[in-house]
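Heavy atoms only: backbone and side chains are in, while hydrogens, waters and symmetry mates are out. Residue numbers start from 1 in every chain, and the chains themselves are labelled A, B, ... in the order their sequence lines are given, proteins ahead of strands.
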Protein chains: 2
Amino acid sequence: MTTSAPTATTLPATPTHGADRPLRADAERNRRRILDAAREVFARRGLEAGLDEIARHAGVGTGTVYRRFPDKARLVEALFEERLALVLGTISDAADEPDAWQGFVGAIEALTRMQIEDRGLKDVFFSHFGDAEAFREHHDRLVPLLESLVSRAKAAGELRPDVELTDLAVVQLTLCQVGRFAEDVEPDLWRRHLGIVLDGLRVARSAPSPLGAPPMDAAAFDAACGRERGGS
Amino acid sequence: MTTSAPTATTLPATPTHGADRPLRADAERNRRRILDAAREVFARRGLEAGLDEIARHAGVGTGTVYRRFPDKARLVEALFEERLALVLGTISDAADEPDAWQGFVGAIEALTRMQIEDRGLKDVFFSHFGDAEAFREHHDRLVPLLESLVSRAKAAGELRPDVELTDLAVVQLTLCQVGRFAEDVEPDLWRRHLGIVLDGLRVARSAPSPLGAPPMDAAAFDAACGRERGGS
DNA sequence: CTCTAAGTGGAATGAGTTTCTCCGCTTAGA
DNA sequence: TCTAAGCGGAGAAACTCATTCCACTTAGAG
């Protein structure tokens, strides 16, 4: 089943899907369509979205998806390997920012924004899907980059010394939840809470920083909870 | 199907389940068992738990649950009406605390702890289940109490003036997520993040407050993501 | 143009969920 | 003693998903 060793004993020289594979033109076209559809659907609904929905969105049958990608996990890997490279670049930019605190804030802000815009990306970071061997390399490059942002901000006397990288991961997870909670009602709400948390992460400050977005009112809150419009 | 009108044309005067109802002793016993089981199961797994699981846990058949409570929503209402009264009492105590900031912190801490210990409670607050008419009265008593805690803490010059009640609801929602994320690995992690956020909610401070729990290490983080134990 | 292996769509399968109903049997308690 | 209330739990009815199967179509080499 999972043997990827070439069963070349019968077929002499037709590498139809060995290491390289010259896909038929229409097949290659469909492969791209599937990846594009997966990007959109996973971004909107997260990795829990079904492959049926992706197939429908791509305009192909579900069988075609499975012909191209052996299972859902493999499709996720194919899709997010490119995506993670982009993330890496963005964080790399933040690490180049001359001001330590600015760089730190920029990294958190960018990571969070990307994960709110692409719920699949958030799932790669925070669910078992991120376990895939395919993501190992990106992960191993991303972590030291973030570590350096953290230690630089601490050394500059801006970031409180008692927080660690995992704390920042958790902060991001929570900001993603704020984004999701309010997405239909106050899409920028997460920036407000980023502002609060950042003030909590600084060593000291004399006054609160301005928050980046307006709060929800009571009606918006009820709507975000999925409730009917309350009476009074 | 849904007609609850008494089909009393045949039975003249037996108010078996009219307005009042003298349940048979064994039936009353089972009713309590079901509520107790529901409390435990909903606390552990949230309101998404199935009634089958509750019935099994109560040692009764699913039919018995449905005989006592017409549907899941009604069971939830019966259960959490008592529970909300308890919450109200706790917040009331916090409002009586002489120090404004202490009272405010105590209220957030207590609300969050209760919701982390009882995931069903969190769902009542933050999902469509909370919509039930049965919760209206408790809701209408809780909100002004929280409002007063907020305005008092602002007036004391401790709480930043640009946050509103909905912001605190969102803060709590996120703390619940931290609790859930780390529950198997670092059950007190949410206190750490409560500490960070509280520092962000204060008007000013000269140094970070000590955090109430240790951070996760990398292995704990992976475990919390539901991942296999990574190699290096 | 012909022919065939690659490619295709989407129904079907199977394994999960869940809520809620039905009905033959048991038992409390008047 | 007797009967209506109560009981358990199988199972109906709707869903959700991932994955497979196969009769049909078509690209593209010769």
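Protein atom CG of B:Asn30 is 17 Å distant from nucleotide atom P of D:dA5, rounded to whole Å. Distance B:Arg31 CZ to D:dC7 C1': 17 Å, rounded to the nearest Å. Between the CZ atom of B:Arg29 and the P atom of D:dG6 there is a distance of 13 Å, rounded to whole Å. Here D:dC22 presents its P atom at 14 Å from CZ of A:Arg67, a figure rounded to the nearest Å. C:dG7 atom P lies 15 Å from atom CZ of A:Arg33, rounded to whole Å. Distance, B:Phe69 CZ to C:dT19 P: 15 Å, rounded to whole Å. Look at OH on A:Tyr66: it is 18 Å from P on C:dG7, rounded to the nearest Å.
Between A:His57 and A:Arg44 there is a side-chain heavy-atom pair separated by less than 4.5 Å. Residues B:Val87 and B:Thr90 have side chains not in contact (no heavy-atom distance under 4.5 Å, counting atoms from C-beta outward). Proximity of A:Ile34 to A:Leu75: side-chain heavy atoms (C-beta onward) are separated by under 4.5 Å at one or more points. At a threshold of 4.5 Å between non-hydrogen side-chain atoms, the residues B:Thr64 and B:Arg68 do not count as touching. Counting only heavy atoms from C-beta outward, the side chains of B:Glu109 and B:Trp190 approach each other to under 4.5 Å.
Salt bridge B:Glu186/B:Arg192: absent, no basic N to carboxylate O contact under 4.0 Å. Between B:Arg39 and B:Glu82, at least one side-chain nitrogen of the basic residue sits less than 4.0 Å from a carboxylate oxygen of the acidic one, meeting the salt-bridge criterion.
A centroid separation of 6.0 Å or more is found between the aromatic rings of A:Phe80 and A:Phe125. Proximity of the aromatic rings of B:Phe181 and B:Phe221 is defined here by a centroid distance below 6.0 angstrom, and this criterion is met.
Of the side-chain N and O atoms in A:Thr64, none sit less than 4.0 angstrom from OP1 or OP2 of C:dG7.
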- Message: The test is salt bridge (Lys or Arg N to Asp or Glu O under 4.0 Å); show your working for A:Glu28 and A:Arg32 and say whether it passes.
- Response: CA-CA 6 Å; A:Glu28 181 56 39; A:Arg32 274 257 58 98; 5.7 Å; no
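Contact annotation for A:Val60: backbone-only contact, meaning every heavy-atom pair under 4.0 Å involves sugar-phosphate atoms and none involves a base.
For A:Glu137, the CD atom counts as loosely surrounded, since its 6.0 Å shell holds 12 or fewer non-hydrogen atoms of other residues, nucleotides or ligands.
Side-chain atoms of A:Thr62 stay outside donor-acceptor range of the base of D:dA18, with no qualifying N/O pair under 3.5 Å.
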Filtered N/O pairs between nucleotides 28-30 of chain D and protein, under 3.5 Å:
from: D:dG28; atom 1: OP1; to: A:Ala25; atom 2: N; distance (Å): 2.7

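Less than 4.0 Å separates DNA chain C from at least one heavy atom of each of the following residues of residues 38-59 of chain B: B:Ala49, B:Gly50, B:Leu51, B:Asp52. Shown for residues 70-79 of chain B: residues whose heavy atoms fall under 4.0 angstrom of DNA chain C, namely B:Asp71, B:Lys72.
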